There are 2 protein chains.
Amino acid sequence: MNVGEVAALAGVTVRTLHHYDRIGLLSPSGRTAAGYRRYSAADLDRLHQVLLYRELGFPLEEVATLLDDPSADPAAHLRRQHRLLRDRLERTQAMVAAVEKEMEAMAMGISLTPEERFELFGDWLPEEYEQEAEERWGDTEAWSQSQARTRAYTKEDWVRIKAEGEDVEARMAAALQAGVAPDSPQAMDLAEEARQQISRNFYDCPPEMHAGLGRMYVEDERFTAHYERRTPGLAGWVSTAVQANAARQGA
Amino acid sequence: MNVGEVAALAGVTVRTLHHYDRIGLLSPSGRTAAGYRRYSAADLDRLHQVLLYRELGFPLEEVATLLDDPSADPAAHLRRQHRLLRDRLERTQAMVAAVEKEMEAMAMGISLTPEERFELFGDWLPEEYEQEAEERWGDTEAWSQSQARTRAYTKEDWVRIKAEGEDVEARMAAALQAGVAPDSPQAMDLAEEARQQISRNFYDCPPEMHAGLGRMYVEDERFTAHYERRTPGLAGWVSTAVQANAARQGA
DNA sequence: GCACAGCCTGACGTCGCGTCAGGGTCAAGC
DNA sequence: GCTTGACCCTGACGCGACGTCAGGCTGTGC
């Protein structure tokens, strides 16, 4: 792909891509004879990561070191991005609540003190700090353990993990065909097994998050197709089971 | 207050305040004989607005015109901030969902297409655009009408509005003392009346938002005190009634 | 074969501050 | 009354992440 196409796809300007090339953050993997930049699928992948981290407030130099860190596999990036995004979500919710509070205070004729108003800004570590905390977290045992966990997978590990996943999926398909209701305890147990498998092998997946994934299984055709290829109706069955299981866990 | 104190309170640097002074965005209302900047409560108020709009991605110059616009009263700013924050909330939720989708895709061995990955960035109007849309919205009839609505209040209007609020509160207190259950239809009707009053006189307050306010009545001592001063137990009663009413409306 | 969109490389401009430098101010303690 | 150390002032330069020309080459549809 040429710069213009990439820029349009990613929602950035051509100048931005030039800039990323110049500073070595994202150099296209090829050039035409005339010197035109040519971006590969892998380049797009990297650009995606860059834009995510950039939106999360990281300076570009920092982004480069993050992405070039050989000890960070894709799963590690996803985990970090997920955590940072959830932090941001919390912060935004707090700000919405604060504004609603002010609205209500106005309607009731109460006036808030400056301290109350600045609460959000005061004890808020600006986004730069997030990465600092992130770096510190990065050195913690739990983190590096979980990181080491996925990184240390050998080819055989992957085969085993794949097989585990296959196994649960097959048992779900069998249950569906045997007429087991997706909100039955048996189905929920299978869903729970799948959840724990994800948590063990990939990333921490609390019930609430698993419920979100369950919804996606029927909303996103890619995932629907994955299940439907095995057995028609399986996507919906798994989706319901996963959500029922999450509800059972109190999510 | 001196610059240092203000900076500490607001979570910004002294240099930032100097900068805002230089560009005329926020000039302290006074100086000491020695030239020290002295910030009043009104200055703090303005700083608060500045920081909010800044965090929402507005360039400082834009912030200045927004805040100096004589046709925008405090309520108008709150409404705008509320809308922008809710947009941001939605966007962040979408990003969280996207990352979770990628995590799951990885676990399932599916790989997403670049188009899917860039969806978020593609059709997303970067925050600058928000203000543009905002400005366009700003010229729409509905908006200027509602803006004119609050701005046009005379002193008598305020007295009337205050009286309206007093009236509903008094009837709520009476209901409480008469032993009316806060989740009874009668209580919910009073809550609904209060909600419509807010929507009429101040800002659009859908049931869902009203429910959030209801929670605040018991969580925030300022609002709790407002109700408890009138009648002990009223804060909790109103809170329950408001939330029950919101639930009744399907929120 | 030519118009016109798209690509290239400098190079300078901008925004929102960070970071000195060089010097006055103020409250506390001796 | 004098020092000391924290706090304040005004320039002035620097920086990150691009925006915005300028001047010139490339690729394609008619």
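Proteins come first, then strands; the chains are lettered A, B, ... in the order of their sequence lines, and each starts at number 1. Because the structure is predicted, anything quoted here is derived from the model rather than measured.
The phosphate of C/dC20 has neither OP1 nor OP2 within less than 4.0 Å of any side-chain N or O from B/R15. Taking only side-chain nitrogens and oxygens, A/R31 comes nearer than 4.0 Å to OP1 or OP2 of C/dT9. Within the 4.0 Å cut-off from OP1 or OP2 of C/dC8, at least one side-chain nitrogen or oxygen of A/H18 is found. Remark: A/R37 is in phosphate contact with C/dC8, judged by side-chain N or O atoms under 4.0 Å from OP1 or OP2. Phosphate proximity of C/dG16 to B/Y20: absent, as no side-chain N or O sits under 4.0 Å from OP1 or OP2. B/T16 has no side-chain polar atom (N or O) that falls below the 4.0 Å cut-off from OP1 or OP2 of C/dG16.
Distance CG (B/N2) to P (C/dC26): 10 Å, rounded to an integer number of Å. Between A/I23 atom CD1 and D/dG16 atom P the separation is 10 Å, expressed in whole Å. As a whole-Å value, the separation of A/M1 CE from C/dG6 C1' is 14 Å. Separating the OH atom of A/Y39 from the C1' atom of C/dC7 is a distance of 11 Å, rounded to the nearest angstrom. Summarising the geometry, the separation between CG on A/L17 and P on C/dG6 is reported as 15 Å, rounded to the nearest angstrom. Across the protein-nucleic acid pair, A/L26 atom CG and D/dC18 atom P stand 12 Å apart, rounded to whole Å. A straight line from NE2 of B/H19 to P of D/dC9 spans 16 Å, rounded to a whole angstrom. As a whole-Å value, the separation of A/D21 CG from D/dA17 P is 16 Å.
A donor and an acceptor atom, one from each side chain of B/R46 and B/Y39, are nowhere located under 3.5 Å apart. For the residue pair A/Q49/A/Q81, the side-chain donor-acceptor check at 3.5 Å is satisfied. Side-chain contact of A/H82 with B/E100: a donor-acceptor pair under 3.5 Å is present, judged by distance alone.
Checking side-chain atoms of B/S27 against main-chain N and O of B/G24 turns up no donor-acceptor pair under 3.5 Å.
For B/E228, the CD atom is densely surrounded, since the number of other residues' heavy atoms within 6.0 Å is greater than 12.
Each of B/E61 and B/Y36 has a nearest nucleotide on DNA chain C; the 5'-most of these lies closest to B/E61.
Ranking C/dC7, C/dG10, C/dC26 by closeness to the A/R22 side chain, first place goes to C/dG10.
Residue-level contact check: B/R38 touches neither bases nor backbone, having no heavy atom under 4.0 Å from any strand. A/T13 comes within 4.0 angstrom of the backbone, heavy atoms only, and of no base.
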